[in-house]
Amino acid sequence: MTEYPILALSVDTDDFYNMPGVSGSPFSLYPKVSDFFIHWKDRYDYLTRPTYQLLSILQKYQIKATFFIIADQTNLYPGLVETIASHGHEIACHG
């Protein structure tokens with residue numbers, strides 16, 4: 001029986017707009033995440049491309065990971081969570 005190394009990998013899809021200084025708190029520049037995206041409409045997406053690049057690397061090496069997703073990302077990045085899951089990765093709530 002051949003033994004293979006065990007790898008536990010998790011991916012946190014958090015983004016800087018979730019930091020309290022940027023959005024979501026009383027002292028934030030943008031009180032709500034939606035306010036941030038209204039201001040940055042069509043100029044902001046730092047999640048999709050790197051996620052697809054990572055999925056490609058993981059697929060190449062047949063590695064499965066747990067992706068911790070923030071709930072609002074399911075609306076802000078339609079289809080991204082479904083794509084991650086369709087590659088056989090576990091989806092977890094980042095909360």
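Just the heavy atoms: all of them, side chains too, but no hydrogens, waters or symmetry mates, feed the values below.
- Annotation: Y61, atom OH; neighbour count of heavy atoms from other residues, nucleotides and ligands within 6.0 Å does not exceed 12.
- How far OH of Y52 is from CG of L47: 10.0 Å, rounded to the nearest 0.5 Å.
- Contacts of T48 classified as side-chain hydrogen bond (donor to acceptor under 3.5 Å, both in side chains), with partners at least two apart in sequence or in another chain: D45.
- Across all non-hydrogen atoms, the minimal contact from S25 to P20 is OG-O, 2.9 Å.
- With rounding to the nearest 0.5 Å, the separation of CG in D72 from NZ in K32 is 13.0 Å.
- Dense packing is recorded around NZ of K64, with more than 12 heavy atoms of other residues, nucleotides or ligands lying under 6.0 Å away.
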For this session: Would you check, one step at a time, whether the test side-chain contact (heavy atoms from CB on, under 4.5 Å) holds for V22 with L29?
Result: CA-CA 5 Å; V22 178; L29 182 59; 5.7 Å; no

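- Surrounding CD of Q53 are more than 12 heavy atoms belonging to other residues, nucleotides or ligands, all under 6.0 Å away.
- Side chains of T83 and S86: a donor-acceptor N/O pair is absent below 3.5 angstrom, by distance only.
- Residues satisfying the side-chain hydrogen bond (donor to acceptor under 3.5 Å, both in side chains) test with T13, not counting sequence neighbours, are Q73.
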For this session: Go through the steps to decide whether F67 and L54 satisfy the test side-chain contact (heavy atoms from CB on, under 4.5 Å), and finish with yes or no.
Result: CA-CA 11 Å; F67 281 72; L54 179 58; 4.2 Å; yes

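- Taking the six-membered ring for Trp and thresholds of 30 and 60 degrees, Y30 and H39 have ring planes inclined between 30 and 60 degrees apart.
- Nearest heavy-atom pair, S23 versus V33, reported as atom, atom and distance to 0.1 Å: OG-CG2, 3.5 Å.
- M19 and I70 sit in two unconnected hydrophobic clusters of ILVMFWY residues. Membership requires side-chain heavy atoms under 4.5 Å apart, directly or through other members.
- Nearest heavy atom pair, residue Y77 against residue Y46, reads OH-N, 4.5 Å.
- Closest approach of A65 to H89, counting heavy atoms only: N-ND1, 3.0 Å.
- The nearest pair of heavy atoms linking F68 to C93 is CD2-O, 3.8 Å.
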For this session: Before giving the answer on side-chain contact (heavy atoms from CB on, under 4.5 Å), spell out for I69 and I84 the whole-Å C-alpha distance, their side-chain angles and the decisive distance to 0.1 Å.
Result: CA-CA 10 Å; I69 308 292; I84 294 168; 4.0 Å; yes

